[in-house]
Student: 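Quick one: structure below, then a few questions.
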Amino acid sequence: MGRLTVNGLDALSDDFAALARLPDSVVEGILEAEAGVILPAQRAEIEKQWTGPHSLGISSKSVKKGKVKKDRDGRSLTIYPQGTRKRGGRSTRNAEIAFINEYGAPGRHIAARPAIDAANKKKEKEAIDAGERVYNQFLDSRNL
């Protein structure tokens, strides 16, 4: 009868277990690297698309990244227009103005100008590559 022997199976199993428990710092590094690509792309696309007689250039400057947050589904990092501005004696959130610019307001005859979506699509691969570099550095540090 034949005999099967395996050397190193325990080490391989341990390596897979380590990958399954990806450190928080690596996940945060991946998110930060991806945001480093997406944030400037969104700002540039907003400057390009959201111009006109009422534009003050505030929208692109208001786009910022938040902090990495943890919830039951994992970790996330948001990039969105932050802050408010005074318009006609009242305060309006920059996120509201961005929403109208992005999706339009047919009742007010404002056409959609999807700058944020366009920037995300243009830089999707580059952002993923930036996150992969962080992940690969982690793997290299573990000799995997």
Student: Is any side-chain heavy atom of Ser91 closer than 4.5 Å to a side-chain heavy atom of Lys86?
Tutor: yes
Student: State, yes or no, whether a side-chain contact exists between Phe138 and Ile30 at a heavy-atom distance under 4.5 Å.
Tutor: no
Student: Side chains of Glu32 and Val68: does their closest heavy-atom pair fall under 4.5 Å?
Tutor: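 The answer is yes, as the side chains (C-beta and beyond) meet within the 4.5 Å cut-off.
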Student: If I take atom CG from residue Leu56 and atom CD1 from residue Ile97, how far apart are they, to the nearest 0.5 angstrom?
Tutor: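 So the gap between those two atoms works out to 9.0 Å.
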Student: Which pair of non-hydrogen atoms, one from Glu102 and one from Trp50, has the smallest distance, and what is that distance?
Tutor: OE1-CZ2, 3.5 Å
Student: So if you build clusters from Ile, Leu, Val, Met, Phe, Trp, Tyr with side-chain heavy-atom gaps below 4.5 Å, do Ile110 and Phe99 land together?
Tutor: no
Student: What distance do Leu39 atom CG and Lys65 atom NZ have between them, rounded to the nearest 0.5 Å?
Tutor: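 The CG atom of Leu39 sits 7.5 Å away from the NZ atom of Lys65.
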Student: In the structure I gave you, are the side-chain heavy atoms of Ser59 and Arg85 within less than 4.5 Å of one another anywhere?
Tutor: yes
Student: Could you give the distance from CZ (Arg113) to OH (Tyr103), rounded to the nearest 0.5 Å?
Tutor: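 The CZ atom of Arg113 sits 14.0 Å away from the OH atom of Tyr103.
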Student: Answer yes when Lys125 and Asp129 have at least one side-chain N-carboxylate O distance shorter than 4.0 Å, and no when they do not.
Tutor: yes
Student: Looking only at non-hydrogen atoms, find the nearest pair between Ala41 and Ala119 and report the distance.
Tutor: O-CB, 3.5 Å
Student: Look at atom CD of Glu96 and say whether more than 12 heavy atoms of other residues, nucleotides or ligands are closer to it than 6.0 Å.
Tutor: yes
Student: Compute whether any side-chain donor of one residue and acceptor of the other, for Asn94 and Gln82, lie under 3.5 angstrom apart.
Tutor: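 There is no such pair (donor and acceptor under 3.5 Å, judged by atom type) between the side chains of Asn94 and Gln82.
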Student: Quick one: do Leu31 and Val37 end up in the same hydrophobic cluster if we chain Ile, Leu, Val, Met, Phe, Trp and Tyr together by side-chain heavy atoms under 4.5 Å apart?
Tutor: no
Student: If I compare all heavy atoms of Ser60 with all of Arg43, which pair ends up nearest, and what's the gap?
Tutor: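 What the structure gives for the nearest pair is O-CG, 3.2 Å.
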Student: Is the backbone of Val27 close enough, under 3.5 Å, to the side chain of Asp24 for a donor and an acceptor to pair up by distance?
Tutor: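 No, the answer is negative, given that no donor and acceptor are paired below the 3.5 Å cut-off.
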Student: Would you check if Arg108 and Ile100 make a side-chain contact, meaning some heavy-atom pair closer than 4.5 Å?
Tutor: yes
Student: Can you confirm whether Thr51 sits close enough to Glu47 that some side-chain heavy atom of one is under 4.5 Å from a side-chain heavy atom of the other?
Tutor: no
Student: Take Thr84 and Thr92 through the test side chain to side chain contact (heavy atoms under 4.5 Å, CB included) and record every step on the way to the result.
Tutor: CA-CA 5 Å; Thr84 59; Thr92 304; over 6 Å; no
Student: Taking C-beta and beyond as the side chain, do Lys69 and Leu77 meet within less than 4.5 Å on heavy atoms?
Tutor: no
Student: So which heavy atom on Ala35 is nearest to which on Pro40, and how close?
Tutor: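 Looking at all heavy atoms of both residues, the closest pair is O-CD, 4.0 Å.
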Student: Between Ile79 and Val63, is there a side-chain heavy-atom distance shorter than 4.5 Å?
Tutor: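 When only atoms from C-beta onward are counted, Ile79 and Val63 do touch, with a gap below 4.5 Å.
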Student: Let me see the working for Lys121 and Asp117 under salt bridge (Lys or Arg N to Asp or Glu O under 4.0 Å), right down to the final yes or no.
Tutor: CA-CA 6 Å; Lys121 287 178 180 174; Asp117 186 54; 3.1 Å; yes
Student: CD1 of Ile46 to OG of Ser62: how many Å apart, nearest 0.5 Å?
Tutor: 6.5 Å
Student: What is the minimum heavy-atom distance between Val134 and Ala33, and which atoms define it?
Tutor: CG2-CB, 3.8 Å
Student: Rounded at 0.5 Å granularity, tell me how far NZ in Lys123 sits from CD1 in Ile38.
Tutor: 8.5 Å
Student: Within this structure, what is the CD-CD1 distance for the pair Glu34 and Ile128, rounded to the nearest 0.5 Å?
Tutor: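 Nearest 0.5 Å value for the CD-CD1 distance: 7.0 Å.
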